[in-house]
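Below is one structure, written out as structure tokens, with a few remarks after it.
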Amino acid sequence: MAFDTMIGAYIINSSKDTYTISELAQEYLNLNVKAVEELTGKGKNFTLYRDMQPDVLSKTVGIYPYVINKVSRKIDGLFKENNQEQLYYDIELPLVRALADMEYYGFKVNVNALVEFSKELQEKIDVVTKEIYTLAGEEFNINSPKQLGVILFEKLGLPVIKKTKTGYSTDAEVLDELSDRHEIVEKILEYRQLVKLKSTYAEGLLAVINPHTGKIHSSFNQTVTVTGRISSTEPNLQNIPIKLEMGRKVRKVFIPSNENYQLLDADYSQIELRVLAHITDDENMINAFLNNEDIHTSTAASVFGIPKEEVTPIMRSRAKAVNFGIVYGIGDFSLAKDLKISRKEARMYIDSYLDRYPNVKRYMHDIVEEGKEKGFVTTMFKRRRYLPELKSRNFNIRSFGERIAMNTPIQGSAADIIKIAMVKVHGELKKRKLKSRLILQVHDELIVEVFKEEKEEVEKILSEGMQNAVSLKVPLVVEVKSGNNWYETK
DNA sequence: CCTGACTCG
DNA sequence: ATTCGAGTCAGG
């Protein structure tokens, strides 16, 4: 592949909203070039090139080949300065083809099962809706937070827990707190769950099934996220339900193309914490992974200062929340909210965590300093994110910047690693002319549609490709599961 | 912390 | 009729 200015510019600065030739010409060449959109118009005024006069067309687009060449050379020069050539040429560019193939190949869907699922949901919604109307004493639009707020907090007199910019908050967190005070609350929660499933996942997915292929062909965007992850749209296949059983059933409709195939689902175990252990070189955390311990249990034992055998389920789940928070650049405020404890208590958890993982503590401090000095932080493979927030005089903005500084190298390095694995797996399947295809990535997980006769071979390519994508100070552990639909791969 | 889709107004 | 911000909730 020659050069891709959009992806190139994304590597230079991942925080921009768009990477049009017009903007890149302005930024990198100080050149004013008309945007294509100015020529074609948009919406109802949109005009195709073929419907324009050649002289009008050439006035704008005629200069593009020249500009693209100039911008490309400029960006390539910046790669050298930033030491980002490997990231661009060995990871992002080959990934283009892997993602294109994933989009083109698609994920087969059992349409009849999805239609049935939709009907079942509607029946349940009808029942719950009537119950809500009866308990409220009137009919109203349950989907409207405004109308719902009036019912809950004015008519029924429930206490206001939290407010939004525009009125009463009615989110799940608030409703959970109110669930003991009125029967209607749990019905609202149930209603929300059902409606979410029906609109986003049943009807939403049915609407994007390609009638020719019977498959869903998502778009995988390579230049959207600031951390280096890929994103998925129309539909988003990276947020298909899994946590709650009712939602998880959606996965039953995702199936292999035909009876000669199965699904393989391989996911990294705790990749972000492993990356953290590697980056910080923290002995305690590295040893936990080297000994293949359950990291949350191990953290609980460390933080509470007891043997692992004595860790209770509650202690483990607290430690899990702290691990989670650490990866996100912990604040006592959000941890307190997560665990429903006081801010002071949360602070104590964090402090004892950092005492037990001293190198993590040093890292969290140093990375913020580095971000301030250089103006950006980097991932293991030199992906950059600029952090103007760190210089803000506003405490909230600055604190936000500090959490980003702590989180981005972790989340971003994990993104680098799975991209490397994808390029390897995609390349290997192609090289060996196998019938199996990589069809989806969900941040720490790869899904392959495997030709049954190739199962053993492909399972090895997949798990070894992922495990050996990079060599860290801790092993990368990959779990592979198979099934005749996505639900079964658990 | 990082996302995208749906609904309302 | 269309657009947009806000609220909510699905995933990592």
Side-chain angles (χ1 to χ4, degrees), chain A residues 14-15 42-45 140-150 162-176 188-189 191-205 207-208 218-244 246-248 250-251 267-273 275-276 321 323-331 333-335 338 364 367 377 379 383 385 387 389 399-415 418 440-446 486:
Chain A
S14 62
S15 301
K42 53 177 179 175
K44 65 183 174 69
N45 295 317
F140 64 102
N141 187 346
I142 310 168
N143 294 327
S144 163
K146 194 174 164 192
Q147 292 183 39
L148 178 61
V150 171
K162 190 168 59 169
K163 304 204 88 181
T164 65
K165 281 179 200 170
T166 54
Y168 311 115
S169 173
T170 68
D171 68 18
E173 197 189 322
V174 168
L175 297 184
D176 273 334
I188 301 284
L189 285 165
Y191 174 90
R192 286 246 176 98
Q193 198 194 345
L194 293 166
V195 166
K196 182 80 174 181
L197 288 176
K198 176 149 194 283
S199 63
T200 302
Y201 298 103
E203 289 168 349
L205 292 176
V208 292
S218 179
S219 295
F220 297 103
N221 202 309
Q222 214 175 333
T223 61
V224 167
T225 74
V226 284
T227 54
R229 283 184 169 181
I230 60 175
S231 81
S232 159
T233 55
E234 259 188 308
N236 181 357
L237 288 186
Q238 293 180 320
N239 72 345
I240 302 301
I242 189 165
K243 290 172 182 166
L244 304 174
M246 201 188 341
R248 192 173 193 154
V250 173
R251 294 178 174 234
D267 71 297
Y268 280 116
S269 163
Q270 303 295 347
I271 189 170
E272 290 185 337
L273 286 172
V275 163
L276 179 65
N323 273 327
F324 201 61
I326 285 288
V327 166
Y328 293 160
I330 198 77
F333 183 78
S334 37
L335 182 67
D338 260 25
M364 294 298 172
I367 194 71
V377 293
T379 66
R383 191 185 302 281
R385 178 172 181 183
L387 292 170
E389 295 90 349
S399 302
F400 177 61
E402 289 168 0
R403 292 194 294 275
I404 298 174
M406 296 185 254
N407 166 260
T408 296
I410 302 168
Q411 188 182 126
S413 296
I418 196 165
L440 184 60
Q441 185 250 50
V442 191
H443 309 306
D444 62 356
E445 157 186 41
L446 296 180
W486 200 6

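Proteins get letters first, then strands, A, B, ... in listed order; numbering begins at 1 in each.
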What I want to check is whether the side chains of A/Arg403 and A/Ser334 have a donor and an acceptor closer together than 3.5 Å. no

Expressed in angstrom and rounded to an integer, what is the separation of A/Lys198 atom NZ from B/dA5 atom C1'? 16 Å

d(CD, A/Gln222; P, B/dG4) in whole Å: 14 Å

Contact class for A/Arg248 (heavy atom, under 4.0 Å): base, sugar-phosphate, or nothing? nothing

Within the structure shown, what part of the strands sits under 4.0 Å from A/Gly329 by heavy-atom distance: base, sugar-phosphate, or nothing? nothing

Tell me: NZ of A/Lys162 to P of C/dA6, nearest whole Å? 16 Å

Surrounding CD of A/Gln147 (heavy atoms of other residues, nucleotides or ligands, distance under 6.0 Å), is the total greater than 12? yes

Going 5' to 3' through nucleotides 7-12 of chain C and flagging B where a protein heavy-atom sits under 4.0 Å of the base, S where only the sugar-phosphate is that close, and - otherwise, we get SSBBSB

Per the side-chain contact (heavy atoms from CB on, under 4.5 Å) rule, which among A/Ile410, A/Asn323, A/Asp444 passes with A/Glu272? A/Ile410

Whether the A/Ser219 and A/Asn221 side chains hold a donor-acceptor pair (N or O, under 3.5 Å, no angle test) is what I'd like checked. no

So what does A/Val195 touch, heavy atoms closer than 4.0 Å: a base, only the sugar-phosphate, or nothing? nothing

Would you mind telling me which of B/dA5, B/dC8, B/dT3 lies closest to the side-chain atoms of A/Val224? B/dT3

So what does A/Val327 hit on the nucleic acid, given a heavy-atom distance under 4.0 Å: a base, only sugar-phosphate, or nothing? nothing

Under 3.5 Å: donor-acceptor pair, side chain of A/Ser14, backbone of A/Val226: yes

Give a yes-or-no answer on whether the side chains of A/Ser218 and A/Ser232 include a donor-acceptor pair shorter than 3.5 Å. yes

